[in-house]
Amino acid sequence: MVFKVQHKFAGRLRNLTEFKAHDARRHSRLLSSVDLPLGGNGHPAETGLYFAKIGLGHPSKDYYVQVDTGSDILWVNCIGCDKCPTKSDLGIKLTLYDPASSVSAARVYCEDDFCTSTYNGMLPGCKKDLPCQYNVVYGDGSSTAGYFVRDTVQFERVTGNHQTALSNGTITFGCGAQQSGGLGTSGEALDGILGFGQANSSMISQLASAGKVKRAFAHCLDNVNGGGIFAIGELVSPKVNTTPMVPNQAHYNVYMKEIEVGGTVLELPTDVFDSGDRRGTIIDSGTTLAYLPEVVYDSMMNEIRSQQPGLSLHTVEEQFICFKYSGNVDDGFPVIKFHFQDSLTLTVYPHDYLFQISEDIWCFGWQNGGMQSKDGRDMTLLGDLVLSNKLVLYDIENQAIGWTEYNCSSSIKVKDDKSGSVYSVGAENLSSASDLLSGRIATLLSLLFAMLHRLT
């Protein structure tokens, strides 16, 4: 199973402040509490960096939804919605889902198994024919509310080498009836959000329980050629070494052991990478940069600067540490390695963690978590900055995450569980033929970093 996914900033000029603002809004929602245990839903414009087109209903209609590893359920704005967005600056047409227009749609009621399992029991006041509702309130005061429906979802299934065909399944998802706060006003709004979290309520978990897919997915983000791969199912090739997930976490948390800068292991407090509430290391493709606890950030930056003692640093837009450098950054700056449990290493090269904003002006992508919200200051959050040009595997069934350096413009091999056949999936055959943004097409998972953007 594959998705045509597009970077939401593709083809649009963005300055450093807007990238940082995206991350700040996302983190406030990753860390905020919800009034029902749905596990971190998010703003359609702020939850992630990528959006996909999926088909819902019969006859099928297209909807553009955020792809988000930090949340669980799929939900879309519905007909009659109060304060739902009506337009988007992303160059796409927003569509309100109408259960009455789909012959395969059915309401989900509070006594249904999906509802009781999602909320770990019967909702208070539940009675016959009362819809199963959801209501998520975020720390910034915005909220989304609605009810669950069951309908057909249409997706592309891998049928041969670089070949796909339309397939479908039945899933339960949220029908958004009301938005408040910033949820209904963003110019970057979409039709909803497609959560790729671990909960049984996520689309991937539902399709897996129906025997449609394996409970695993992989993505490869190419910030060199602007392409990528996003596939659901069993990855056969390349082989990927993995590290175990931290159990009972809402997000994709892993165990980090140490950090190495240019061959020097940083001397850090023994508990700095402890897992727990508001702590630990999260792998999150929806975050642009990389955020480190203050003690880790300071130690890492000091070690980097020690290898460039003559570097003159200055602050750009009050938040990015930048400098002038005319040489090859890969020759002048150290490679950084994150070491995880089971001997898995994430290698980040200077051209990954440094980005160019103008001629000879470079900035660090590392961010000081101590400058973030109180709840997030002790957390390590690794986003696209360190995940680019790597094939990342999320093996939910075996509770493991892994990665390997890879050419994201090439192909991977996935297995068809029904036939046992192994097929190649490449980025080039999944790119859309339609122009979505400014007359330009952004191929699958195109990652246009701040290095392409000029300061305003």
Are side-chain heavy atoms of [X] and [Y] found at a separation under 4.5 Å?
X: Val316; Y: Ile361; result: no
X: Pro334; Y: Tyr353; result: yes
X: Thr281; Y: Tyr255; result: no
X: Val335; Y: Pro350; result: yes
X: Leu391; Y: Cys408; result: no
X: Asp284; Y: His251; result: no
X: Glu156; Y: Leu166; result: yes
X: Lys212; Y: Arg157; result: no

Q: Could you walk me through whether Leu74 and Ile54 pass side-chain contact (heavy atoms from CB on, under 4.5 Å), step by step?
A: CA-CA 11 Å; Leu74 162 66; Ile54 61 172; 4.0 Å; yes

Whether the side chain of [X] engages the backbone of [Y] through a donor-acceptor N/O pair (distance < 3.5 Å, no angle test) should be reported.
X: Gln399; Y: Pro247; answer: no
X: Asp191; Y: Thr95; answer: yes
X: Gln206; Y: Ser201; answer: yes
X: Lys257; Y: Phe273; answer: no
X: Thr404; Y: Val240; answer: no

Side-chain polar contacts of residues 297-305 - donor-acceptor pairs under 3.5 angstrom, sequence neighbours left out - could you list them?
| from | atom 1 | to | atom 2 | distance (Å) |
| --- | --- | --- | --- | --- |
| Asn302 | OD1 | Arg305 | NH2 | 2.6 |
| Asn302 | ND2 | Asp298 | O | 3.0 |

Q: Go through Phe230 and Phe196 one step at a time and tell me if the ring pair (Phe, Tyr, Trp, His ring centres under 6.0 Å) criterion holds.
A: CA-CA 12 Å; Phe230 194 105; Phe196 269 88; 5.3 Å; yes

Rounded to the nearest 0.5 Å, what separation is found between the [atom1] atom of [X] and the [atom2] atom of [Y]?
X: Ile283; Y: Leu382; atom1: CD1; atom2: CG; result: 4.5 Å
X: Tyr64; Y: Leu94; atom1: OH; atom2: CG; result: 10.0 Å
X: Phe355; Y: Phe364; atom1: CZ; atom2: CZ; result: 10.5 Å
X: Asn389; Y: Tyr406; atom1: CG; atom2: OH; result: 13.0 Å
X: Phe173; Y: Ile171; atom1: CZ; atom2: CD1; result: 6.0 Å
X: Ser205; Y: Asp72; atom1: OG; atom2: CG; result: 7.5 Å

For residues 322-330, which side-chain donor-acceptor pairs fall under 3.5 Å, sequence neighbours excluded?
| from | atom 1 | to | atom 2 | distance (Å) |
| --- | --- | --- | --- | --- |
| Asn328 | OD1 | Asp330 | N | 2.9 |
| Asp330 | OD1 | His351 | N | 3.2 |
| Asp330 | OD1 | His351 | ND1 | 3.1 |
| Asp330 | OD2 | His351 | ND1 | 2.9 |

**Q.** Worked verdict on Tyr291 versus Met379 for side-chain contact (heavy atoms from CB on, under 4.5 Å)
**A.** CA-CA 8 Å; Tyr291 295 79; Met379 183 181 296; over 6 Å; no

Can you give me the closest heavy-atom contact between [X] and [Y], atom names plus distance?
X: Val272; Y: Val295; answer: CG2-CG1, 3.6 Å
X: Tyr349; Y: Glu405; answer: OH-OE2, 3.0 Å
X: Ser202; Y: Gly197; answer: OG-O, 3.2 Å
X: Ser411; Y: Ser424; answer: CB-CB, 4.4 Å
X: Gln341; Y: Thr243; answer: O-OG1, 2.8 Å
X: Met245; Y: Asp395; answer: CE-O, 3.9 Å

**Q.** Under-4.0 Å salt bridge between Lys93 and Asp62
**A.**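 Salt bridge flag = no for Asp62 with Lys93.
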
Q. Ile259 pairs by side-chain contact (heavy atoms from CB on, under 4.5 Å) with which of Val296, Val348, Thr380, Leu346?
A.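 Answer after filtering Val296, Val348, Thr380, Leu346: Val296.
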
(Q) My understanding is that only residues two or more places apart in sequence, or in another chain, count here; which of them pass side chain to side chain donor-acceptor pair (under 3.5 Å) with Tyr63? (A)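 Once residues adjacent in sequence are excluded, Tyr63 has no partner under the side chain to side chain donor-acceptor pair (under 3.5 Å) criterion.
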
Q) Which ring pair (Phe, Tyr, Trp, His ring centres under 6.0 Å) pairs, counting each pair once, include a residue from residues 383-403, with sequence neighbours left out? A)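 Output for this query lists Phe217-Tyr394, His219-Tyr394, Tyr252-Tyr394, Phe340-Trp403.
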
**Q.** Partners passing side-chain contact (heavy atoms from CB on, under 4.5 Å) against Ala208 (at least two apart in sequence or in another chain)
**A.**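 Result, side-chain contact (heavy atoms from CB on, under 4.5 Å) vs Ala208: Val213, Arg215.
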
Q: May I ask you to check whether over 12 heavy atoms, not counting those of Asn248, lie within 6.0 Å of atom CG?
A: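 No, the 6.0 Å shell around CG holds no more than 12 heavy atoms from other groups.
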
Q: Could you verify whether a donor N or O on one side chain and an acceptor N or O on the other, from His339 and Thr345, lie under 3.5 Å apart?
A: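 Yes, side-chain donor-acceptor contact under 3.5 Å.
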
Q: Under the side-chain contact (heavy atoms from CB on, under 4.5 Å) rule, what do Thr264 and Gln307 come out as? Steps first, then yes or no, please.
A: CA-CA 11 Å; Thr264 300; Gln307 301 190 27; 5.5 Å; no

Q) Looking at residues at least two apart in the chain, or sitting in another chain, which of them share a salt bridge (charged side-chain N to carboxylate O under 4.0 Å, His left out) with Asp342? A)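 Testing Asp342 for salt bridge (charged side-chain N to carboxylate O under 4.0 Å, His left out), a comparison that skips the adjacent residues, returns none.
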
Q | Full working for side-chain contact (heavy atoms from CB on, under 4.5 Å) between Tyr134 and Thr118 | A | CA-CA 10 Å; Tyr134 74 88; Thr118 298; over 6 Å; no

